[in-house]
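By convention in this document, chain letters (A, B, ...) are assigned in the order of the sequence lines, proteins followed by strands, and residues within each chain are numbered from 1.
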Amino acid sequence: MKPAMANESALIARILAGETQLFHDLIRPYEKLVYVTIFAILKNETDAEDGAQETMINAFRHLSSFRGEAKFSTWLVTIAMNEARKRLRKVKVGAEDSLDEPQDDAEGDYTPAVLTDWREVPLAALERKELREKLREAVATLPEKYREVFVLRDIEELNQEETAAALGINVTLVKVRLHRARMMLQKLLVPYLKNQAPARPGLFRRWFS
Amino acid sequence: MNLECRHVWQHISGYLDHQLDPELLAAVQKHLDTCEVCSAVLDSTRNILILTADDRTYELPVGYSQRLHEKLAAVLASGSPG
C-alpha cells in the first residue's frame with residue numbers, strides 16, 4: 001500500500017472511531033477533483049459548489065461503507081458523479097437519450113470529420129480563449145454517457161480502471177466511449193482547429209511518445 | 001497488414017493513449033505516414049486533448065474551500081458517520 005493510501009486508511013479508521021474532525025483533513029486533497037468533476041457535467045458554478053458540498057457530506061455519512069478496495073479518490077468521484085447525475089436529471093426531467101445516439105456495441109459506425117482540406121478551412125483563427133470556450137460548449141453537447149467518460153479520463157486524468165470503477169462499467173466500455181467522445185469532439189471542433197494548439201511535448205507528455 | 005482509412009479511425013484513440021499492440025501500431029503508423037486525411041484526423045483529435053489539458057487549470061470559486069469546510073463542520077459536529 002502506498003504511504004498516502006495507508007495514511008488515508010488510518011485517518012478513515014480514526015474518523016469511524018469517533019474523531020470526526022479528521023474528515024476535514026481526509027477530503028482536503030480532493031476538494032478540487034470533486035468540484036471539477038461536477039462542474040464539467042453541470043456547467044454551473046453554483047450547482048457545482050452545492051453538489052460538491054453534498055458529495056462530501058454523503059461521503060462522511062457513508063464512510064463506513066468505503067472498503068478500501070478502490071482508491072478513496074475513486075470512491076469520492078463515484079459519489080460526485082452520482083450527485084451530478086441526480087442534479088442533471090432535475091434540470092432535464094424526462095429527457096430521453098437521443099435516438100440517433102450511436103450504440104456502444106455497434107462497431108466501426110463512427111466516422112470522424114474528414115475534410116481533406118480541413119487545414120485550409122477559411123475561418124478566422126480564433127483566439128485560444130475562444131477556442132477553449134468552443135471546446136467547453138462541445139463537451140457540454142456530448143450525450144451524458146460519453147461526456148462522463150471524457151470528463152474522468154481526459155479532464156480529470158483518471159486511468160481506465162479508476163474511470164471504470166467510478167462509473168460502474170467495464171474497461172472495454174470506457175475505451176469505446178472515450179473513443180466515441182473524442183471523435184464527436186473532433187467532428188464538432190475541426191472547423192475551429194486550424195493552426196491552433198501547437199504541440200507542446202514538454203507540457204503534455206501523455207500524448208507524445 | 002494494410003489498413004483502410006475507416007479502420008485507422010477506429011484506432012485513433014488507442015493510438016493517442018499508446019494502447020495499440022505492436023503489430024497494429026505498426027500498421028496504423030504506416031498508414032498515417034502516407035495518408036494525409038488520417039494524419040489530419042489524428043492531429044485534430046490530439047489538438048483537442050491538448051486544449052483540454054490546457055483548460056484544466058481553471059480557478060475554483062473564491063471561498064469554495066472555506067464554505068465547504070464550514071458546511072462540513074456543522075455535519076461533523078452532529079455525529080459519527082453511519
Between A:E83 and A:K86, does at least one N-O distance fall below 4.0 Å, as a salt bridge requires?
->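 Salt bridge: yes.
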NZ/NE/NH1/NH2 to OD/OE distance under 4.0 Å, A:D25 and A:R14 =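 No, no charged N to carboxylate O under 4.0 Å.
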Contacting moiety of A:Q160, where chain B heavy atoms sit under 4.5 Å =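 Only the side chain of A:Q160 comes within 4.5 Å of chain B.
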Where on A:Q21 is there a heavy atom nearer than 4.5 Å to chain B: the side chain, the backbone, both, or neither?
-> both
Polar side-chain atom of B:R67 near backbone of B:V62 as donor-acceptor pair, under 3.5 Å |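 Yes, B:R67 side chain to B:V62 backbone: donor-acceptor pair under 3.5 Å.
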For A:K43, does the NZ atom have more than 12 heavy-atom neighbours from other residues, nucleotides or ligands under 6.0 Å away?
->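 Yes, because the 6.0 Å sphere around NZ of A:K43 holds more than 12 heavy atoms from other groups.
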Choice from B:K71, B:H11, B:H69 maximising heavy atom contacts with chain A below 4.5 Å | B:H69
Most heavy-atom pairs under 4.5 angstrom with chain B, which of A:E19, A:R28, A:H24, A:Q53?
->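 Most pairs with chain B among the choices: A:H24.
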